[in-house]
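Down below is the structure, laid out as structure tokens.
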Amino acid sequence: MLDAHRIDPFTCNLEEYLSPRITLGYEAEKKLLESSITPDQEKNLRNRCSEFLIELIRQLRQRLPDNIKVLKTMSVLSVSQTLRVVKDSICPLLESMNFSSEIIAKADMQWSNITLIKWSETKDTVKFWVEVLQYKDAANSVPFLELATCALTIVSLPHSNAEVERIFSQMNLVKNKLRNKMKTDTVNAILHIRYGLKRMEKTCSTYEFPNDVLDSVKGNTKYLTRTASPDQPSTSSPDQPTASSGYVMADEDDEQQDIFIEEL
């Protein structure tokens with residue numbers, strides 16, 4: 001691109017701003033000087049490189065969502081941008097999200113005053129805005145309520161389907177051909193556990209169960225039921241299996257399952 005033009009290659013017409021002589025970088029230019037190719041070959045090489053980059057950008061455009069400009073303006077909600085003394089206005093972003101004029105006016109005033117407070121959560125954007133939402137002044141009021149609510153609403157929007165696709169992949173791993181009779185509630189519980197552990201940055205070996213959960217699942221009979229042979233029903237007690245009986249996994253207890261998921 002011509003150096004004198006500061007343009008966005010994803011929105012402009014590239015052909016209007018192309019440099020007449022494309023620069024291939026230091027190492028490539030050095031190789032060209034040392035090579036014995038003709039001027040026509042060199043010109044052809046530069047043109048092919050230029051055409052390749054143009055086609056690359058065109059295909060990237062096709063994969064970008066239509067609201068790419070809105071997604072770009074969301075960067076103002078990052079911690080580094082928010083805590084700047086001189087920064088862009090937040091009003092265009094809130095207008096594009098169809099917030100009311102009253103909320104935008106309050107959020108704009110709070111946007112200017114947010115740098116007056118010393119914040120502790122300055123490394124993670126979500127944790128930062130949660131801290132802003134929970135902050136209270138001497139009058140026990142929330143001075144940044146509208147701004148923090150708008151920010152958390154915007155950053156919580158799903159901007160792609162990548163996470164959903166990951167869930168489908170995990171579901172196919174959980175409910176495979178050998179476990180195709182697994183109930184939907186069980187699949188849902190396993191996925192909740194997996195993503196709960198991931199959110200807590202723990203694994204099945206490092207997670208510590210609360211004592212009340214361990215107490216509620218102490219006995220094996222909670223999850224094991226005794227089955228007898230179809231032609232010879234067993235008369236022994238559940239705790240004394242006979243040769244004609246065995247133990248199979250029972251359906252999960254919904255109440256205990258919910259307790260476990262809530263703990264995660």
Side-chain angles (χ1 to χ4, degrees), residues 62-68 70-71 74 77 97-99 124-130 133-134 148-264:
Q62 296 176 2
R63 289 162 174 79
L64 289 175
D66 296 333
N67 59 343
I68 182 63
V70 177
L71 295 178
M74 285 181 55
L77 296 176
M97 295 294 175
N98 295 325
F99 287 103
D124 186 275
T125 299
V126 176
K127 292 181 179 179
F128 168 76
W129 286 112
V130 171
L133 181 63
Q134 296 174 347
T149 303
C150 292
L152 289 173
T153 301
I154 294 173
V155 299
S156 64
L157 294 174
H159 302 296
S160 70
N161 63 344
E163 193 65 27
V164 178
E165 295 295 338
R166 293 190 188 100
I167 294 176
F168 282 124
S169 299
Q170 288 292 323
M171 184 183 67
N172 291 331
L173 293 175
V174 172
K175 190 174 182 178
N176 51 35
K177 292 182 179 179
L178 297 177
R179 308 166 77 184
N180 58 5
K181 292 185 178 181
M182 184 181 293
K183 292 184 177 180
T184 304
D185 291 341
T186 306
V187 177
N188 189 42
I190 293 175
L191 291 176
H192 269 86
I193 292 171
R194 287 195 175 192
Y195 279 87
L197 292 173
K198 181 180 179 181
R199 187 167 56 251
M200 298 171 64
E201 298 181 352
K202 292 183 178 294
T203 63
C204 58
S205 58
T206 58
Y207 177 77
E208 296 182 3
F209 287 89
N211 292 330
D212 56 340
V213 175
L214 292 176
D215 292 339
S216 65
V217 293
K218 225 178 240 184
N220 288 338
T221 53
K222 188 78 174 175
Y223 295 98
L224 296 175
T225 59
R226 184 170 156 280
T227 59
S229 175
D231 55 350
Q232 185 180 0
S234 175
T235 58
S236 60
S237 64
D239 295 330
Q240 296 177 346
T242 62
S244 61
S245 64
Y247 280 94
V248 297
M249 292 299 295
D251 291 338
E252 286 78 1
D253 187 294
D254 292 338
E255 182 180 353
Q256 297 302 327
Q257 177 177 292
D258 293 341
I259 293 175
F260 179 61
I261 293 175
E262 288 176 4
E263 292 294 337
L264 287 178

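Nothing here was measured: the structure is a model prediction, and the numbers come from that model. Excluded from the calculations below are hydrogen atoms, water molecules and symmetry mates; all remaining heavy atoms, backbone and side chain alike, are included.
Listed by chain and residue number, N161, F168 satisfy the side-chain contact (heavy atoms from CB on, under 4.5 Å) test with E165 (two or more places apart in sequence, or in another chain). Applying the side-chain contact (heavy atoms from CB on, under 4.5 Å) rule to L173 yields the partners Q170; only residues at least two apart in sequence or on another chain are considered. Listed by chain and number, the residues in a side-chain contact (heavy atoms from CB on, under 4.5 Å) with L178 are N176 (sequence neighbours excluded). In this structure, the side-chain hydrogen bond (donor to acceptor under 3.5 Å, both in side chains) partners of T203, at least two apart in sequence or on a different chain, are S205, T206. Applying the salt bridge (Lys or Arg N to Asp or Glu O under 4.0 Å) rule to R179 yields no partners; only residues at least two apart in sequence or on another chain are considered.
Shown here for R194 and V174, the closest heavy-atom pair between the two residues is CZ-CG2, 3.8 Å. Minimum interatomic distance between L197 and C204 (heavy atoms only, all atoms of both residues): CD1-N, 4.0 Å.
Atom SG of C150 and atom CH2 of W129 lie 9.5 Å apart (nearest 0.5 Å). For the atom pair N172 CG and I167 CD1, the distance stands at 12.0 Å (nearest 0.5 Å). Here CD1 of I193 is found 9.5 Å from OH of Y207. Values are rounded to the nearest 0.5 Å. The CE atom of M74 sits 5.5 Å away from the CE atom of M97 when rounded to the nearest 0.5 Å.
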**OP:** Give the C-alpha distance, both sets of side-chain angles, the deciding distance and a yes or no for side-chain contact (heavy atoms from CB on, under 4.5 Å) between F128 and L133.
**Re:** CA-CA 9 Å; F128 168 76; L133 181 63; over 6 Å; no
Subject >> Trace of the side-chain contact (heavy atoms from CB on, under 4.5 Å) decision for M182 with I190 >> reply: CA-CA 11 Å; M182 184 181 293; I190 293 175; 4.0 Å; yes
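Judged by distance alone, the side chain of T153 and the main-chain N or O of T149 form a donor-acceptor pair under 3.5 Å.
Within the 4.5 Å cutoff, no side-chain heavy atoms of Y195 are placed close to those of M200.
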